[in-house]
Amino acid sequence: MIPSDAPAVRQLRRPLRWLGLCALVLAVLIGGYGVAGLVGGALPANAGWRPPTQGVRIYVESNGIHVGIVVPKVAGGVDWRGLAPGADLADPRYAAYDHLAIGWGERAFFLDTATWADLKLRTLLAAAGGSDATLLHVEHVPAPHPDGAVRSVLLRPEEYRRLAAYIRASLSPSRESHRGYGANDAFYAARGHYDAIRTCNAWAGDALRHAGVRIGRWTPFPVTVLAWF
């Protein structure tokens, strides 16, 4: 039996202590980030906003990780039909749908993660560390049905136009495009810096906040967006 104070045991203890300390620091950082995100999502911006009785109906949808905004193609003086023409789709017939689902995110994360089974830790960490390579994901869809993952939001026409202006400002003028995951979607080069603070969900919250909607001051998680509606 090797004595507990033997040199070999003492040498082994040092890296184990460092590993334990690193694990503790990582747990604190992750926990602190989660708490900060929930607090930021609970603090209201545009606190006096209330939905109108008439206006433009949009939808906020979540797949559990990522939040997108669904808009009618023509409403409130805004026409989205030129954003993602049928020629950019694998099947142009889907351009006949009357709504677009729009999300913003990091380029490699979007293009390399067609399904959650494709998600790699290095892709996630690289995106969280920061990237200026971002994309808009645009899907042609019918109007969704509100449920646990989809919220219906009614906006005044002027609020909707502000929302549309924010989304358009996120699009790069280069018009660089990539085929999407399926037959009805495409990716377009975008503007903006992605990192752990400004996530895809934070972008959706920023867009709604810019429109004047009551929502959290920082919305890094899907729940921090959907919980307001």
Check your understanding: Can you tell if the side chain of Arg161 reaches within under 4.5 Å of the side chain of Tyr166, non-hydrogen atoms only?
Key -> no
Practice item. For residues His140 and Ala95, report the shortest heavy-atom separation together with the two atoms involved. Key: ND1-CA, 3.5 Å
Revision key, fill the gap. On a heavy-atom basis, the closest approach of Ala84 and Val138 is CB-CG1, 3.7 Å
Exercise for review: Go through the steps for Val70 and Val60 under the test side chain to side chain contact (heavy atoms under 4.5 Å, CB included), then give the verdict.
Suggested key: CA-CA 6 Å; Val70 183; Val60 180; over 6 Å; no
Check your understanding: Which pairs, with at least one residue in residues 49-58 and sequence neighbours excluded, count as a side-chain hydrogen bond (donor to acceptor under 3.5 Å, both in side chains)?
Key -> Trp49-Glu159, Arg57-Ser152
Exercise for review: Not counting sequence neighbours, which residues clear ring-ring contact (aromatic ring centres under 6.0 Å, His included) with Phe221? List them please.
Suggested key: Tyr33
Review point. CG/Leu100 to CD1/Ile69 distance, rounded to the nearest 0.5 angstrom?
Key: 12.0 Å
Check your understanding: Counting distance only, does the side-chain N/O of Glu139 pair as donor-acceptor with the main-chain N or O of Val141 below 3.5 Å?
Key -> no
Exercise for review: Output the rest of the hydrophobic cluster of Tyr97: all Ile, Leu, Val, Met, Phe, Trp and Tyr residues reachable through side-chain heavy-atom contacts under 4.5 Å, sorted by chain and number.
Suggested key: Leu89, Tyr94
Check your understanding: To the nearest 0.5 Å, how far apart are CG in Leu111 and CZ in Arg179?
Key -> 14.0 Å
Check your understanding: Looking at residues at least two apart in the chain, or sitting in another chain, which of them share a salt bridge (Lys or Arg N to Asp or Glu O under 4.0 Å) with Arg81?
Key -> Asp79
Check your understanding: Could you give all pairs that pass the side-chain hydrogen bond (donor to acceptor under 3.5 Å, both in side chains) test and reach residues 212-229, with sequence neighbours left out?
Key -> none
Study note, to complete from the structure: When every non-hydrogen atom of Leu226 is compared with those of Ala149, the smallest separation belongs to CD2-O, 3.8 Å
Study note, to complete from the structure: Closest heavy-atom pair, Ala189 versus Leu171, reported as atoms and distance to 0.1 Å, is O-CD1, 3.6 Å
Practice item. Supply the atom-to-atom distance Ser170 OG to Arg191 CZ, rounded to the nearest 0.5 angstrom. Key: 9.0 Å
Review point. What heavy-atom pair brings Ala143 and Asp98 nearest, and what distance separates the two atoms?
Key: N-OD1, 3.7 Å
Practice item. Find out whether Val78 and Val71 are in side-chain contact, i.e. whether some heavy atom of one side chain is under 4.5 Å from a heavy atom of the other. Key: no
**Study point:** Sub-6.0 Å ring centroid separation between Trp203 and Tyr194
**Key:** no
**Study point:** From CG (Asp195) to CG (Asp132), nearest 0.5 Å
**Key:** 9.5 Å
Less than 3.5 Å apart, which donor and acceptor atoms pair up between the side chains of residues 39-48 and the rest of the protein, not counting sequence neighbours?
unit_1	atom_1	unit_2	atom_2	d
Asn46	ND2	Arg209	O	3.1
Asn46	ND2	Val213	O	2.8

Check your understanding: When rounded to the nearest 0.5 angstrom, what distance separates NE2 in His210 from CD1 in Ile215?
Key -> 14.0 Å
Point to revise | Sidechain-backbone polar pair: Asp112 side chain, Phe109 backbone, donor-acceptor under 3.5 Å | key: no
**Study point:** Listed partners of His137 passing ring-ring contact (aromatic ring centres under 6.0 Å, His included), at least two apart
**Key:** Phe110, Tyr181, Phe187
Review point. By salt bridge (Lys or Arg N to Asp or Glu O under 4.0 Å), which residues pair with Arg107, not counting sequence neighbours?
Key: Glu176
Review point. Just wondering, do Val67 and Pro222 contact through their side chains at under 4.5 Å, heavy atoms?
Key: yes
Study note, to complete from the structure: Hits for side chain to side chain donor-acceptor pair (under 3.5 Å) against Ser177, two or more places apart or cross-chain, chain-then-number order -> none
Check your understanding: Under the 6.0 Å and 45° cation-pi test, does Arg198 pair with Trp104?
Key -> yes
**Study point:** Main-chain N/O of Phe229 paired with Arg151 side-chain donor or acceptor, under 3.5 Å
**Key:** yes
**Study point:** Sub-4.5 Å side-chain heavy-atom contact between Leu155 and Leu163
**Key:** yes
Check your understanding: Who pairs with Tyr59 by side chain to side chain donor-acceptor pair (under 3.5 Å), at least two apart in sequence or on another chain?
Key -> none
Check your understanding: Residues in salt bridge (Lys or Arg N to Asp or Glu O under 4.0 Å) with Asp91, at least two apart?
Key -> Arg93
Revision key, fill the gap. dist Ser131:OG -> Glu106:CD (nearest 0.5 Å) comes out at 4.0 Å
**Study point:** Shortest non-hydrogen contact between Arg175 and Pro85, atoms and distance
**Key:** NH2-CD, 4.1 Å
Review point. Which residues satisfy the side chain to side chain donor-acceptor pair (under 3.5 Å) test with Asp88, sequence neighbours excluded?
Key: Tyr188
